Amino acid sequence: MEVVRTREALRAALPRFPERLLVPTMGNLHAGHLALVAEARRRGGPVVVSIFVNRLQFGAGEDFDRYPRTLARDLDLLREAGCDLVFAPDEGEMYPEPQTFRVRPDPALAGVLEGAVRPGHFEGVTTVVMKLFALTAPRAAVFGKKDYQQLLVIRRMVAQFGFPIEIIAHETVREADGLALSSRNGYLSPEERSRAPQFYAVLAGLAAEAGKLEQPAALRAAVARAEARLWDAGFGVDYVTIRRRADLGLPEAGEVGPGRLVVLGAVRLGSTRLIDNVEF
Ligand code: PAF
């Protein structure tokens, strides 16, 4: 496995890795990231992993400073996972001058849910992903479905700008008790960790119930009950909602039914923010 820290070294290395697939990450890797690498390998072609904690996508007061930087361990894991090339730039390399040119994602998709709670988040994500795509020129890139809205925003960006890059979605990887793997799970105290799986349990229960409903009003009532269950279980709820999978719009009559919708939620447990989703 080759590791490059600069754009110049990346440019020099890329011709040795034609038809590559990119797995963009912010490091602090876990089994969810390694599943993305395995998916990239399964698709064939060399696998490039980027590791960069992107300041632009963190809001004021968010966890940019405490976000774990674990490069040595990440590289060991990637070596074992069969990654071919790692691009791990520092901030000066990625943003040698203030990044005043930004991607402005469609507010209809990027201004709701995570975008409403974290203003500017998807501008930061799309700007860095655009830059990573430009620097690594992959034929495909793999993203996890845990960040469901991120996946949709990136798909739309790639489609609208006409990048010749296939976006591959990978299922969320979960602990045995249902908790979605996330770098932020490490912030949970043991007591919070023991309560955290209730988040997924409530979302999965809502998806199972909503799958049998036909009217938007009945969906709204089921959502309200699920939200109340989360508050009762000690979570601070940023949102719980049922949306169309295609564009995250609210489903209207005639659009309710299996295979088209997704439950999305974001909660706070102590100082940790968790997001998850369940398609149905
Ligand atoms: O999903 C993430 O880890 C980040 O948002 C990404 C896509 C690597 C961009 O910084």
Side-chain angles (χ1 to χ4, degrees), residues 7 10 20-37 39-40 47-59 62-71 73-75 77-78 81 83 85-91 93-95 99 102-105 109-110 113-115 117-138 140-158 161 163 165-173 180-187 264 266 272-277:
R7 297 194 288 185
L10 176 68
R20 55 202 159 261
L21 291 90
L22 174 67
V23 180
T25 80
M26 297 203 300
N28 191 27
L29 302 183
H30 51 63
H33 296 109
L34 301 179
L36 303 184
V37 174
E39 178 65 32
V47 179
V48 180
V49 173
S50 62
I51 298 179
F52 179 65
V53 184
N54 173 38
R55 183 188 292 276
L56 297 189
Q57 70 191 73
F58 289 78
E62 291 188 357
D63 56 345
F64 175 75
D65 289 328
R66 72 165 171 152
Y67 201 89
R69 275 84 168 165
T70 55
L71 185 61
R73 183 177 160 276
D74 291 346
L75 294 181
L77 289 172
L78 289 173
C83 169
L85 175 65
V86 177
F87 176 47
D90 64 17
E91 266 204 297
E93 195 61 34
M94 203 59 189
Y95 299 126
Q99 186 69 34
R102 305 276 179 103
V103 179
R104 190 182 68 85
L109 184 60
L113 308 176
E114 285 305 286
V117 181
R118 307 179 67 190
H121 172 65
F122 288 116
E123 178 180 305
V125 169
T126 48
T127 299
V128 80
V129 169
M130 165 88 103
K131 206 156 174 173
L132 289 167
F133 284 173
L135 291 170
T136 61
V142 189
F143 292 86
K145 278 195 185 179
K146 187 180 83 69
D147 295 300
Y148 202 88
Q149 190 175 5
Q150 167 173 284
L151 174 66
L152 260 63
V153 168
I154 289 168
R155 271 198 199 290
R156 294 293 307 142
M157 175 178 85
V158 165
F161 284 113
F163 293 145
I165 300 173
E166 181 192 357
I167 300 299
I168 299 166
H170 191 272
E171 291 303 325
T172 302
V173 180
L181 295 194
S182 162
S183 299
R184 293 189 168 97
N185 292 351
Y187 299 154
L264 299 124
T272 307
R273 194 161 180 281
L274 303 173
I275 63 171
D276 204 347
N277 63 81

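Both backbone and side-chain heavy atoms feed into the values below; hydrogens, waters and symmetry mates do not. Bear in mind that the values here come from a model prediction, so they are computed numbers and not experimental data. One is the number of the first residue; the rest follow in order along the sequence. Counting starts at 1 for both ligands and their atoms, following the listed order.
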Residue set satisfying side-chain hydrogen bond (donor to acceptor under 3.5 Å, both in side chains) with N28, at least two apart, ordered chain then number -> none
Only pairs at least two apart or in different chains count here, so list each side chain to side chain donor-acceptor pair (under 3.5 Å) that has a residue in residues 117-133. E62-R118, Q99-K131, R102-E123
For a quick check under 3.5 Å, do Y67 and N54 share a side-chain donor-acceptor pair by atom type? no
Roughly how far, to the nearest 0.5 Å, is CG of L21 from CD1 of I168? 5.5 Å
May I have every N or O pair linking ligand 1 to the protein at under 3.5 Å, one per line with atom names and distance?
from     : atom 1 : to   : atom 2 : distance (Å)
ligand 1 : 1 (O)  : Q150 : NE2    : 2.8
ligand 1 : 5 (O)  : Q57  : NE2    : 2.9
ligand 1 : 5 (O)  : Q150 : OE1    : 2.7
ligand 1 : 10 (O) : Q57  : OE1    : 2.6

Please check if atom CZ in R66 has more than 12 non-hydrogen atoms from other residues, nucleotides or ligands closer than 6.0 Å. yes
By salt bridge (charged side-chain N to carboxylate O under 4.0 Å, His left out), which residues pair with D90, not counting sequence neighbours? none
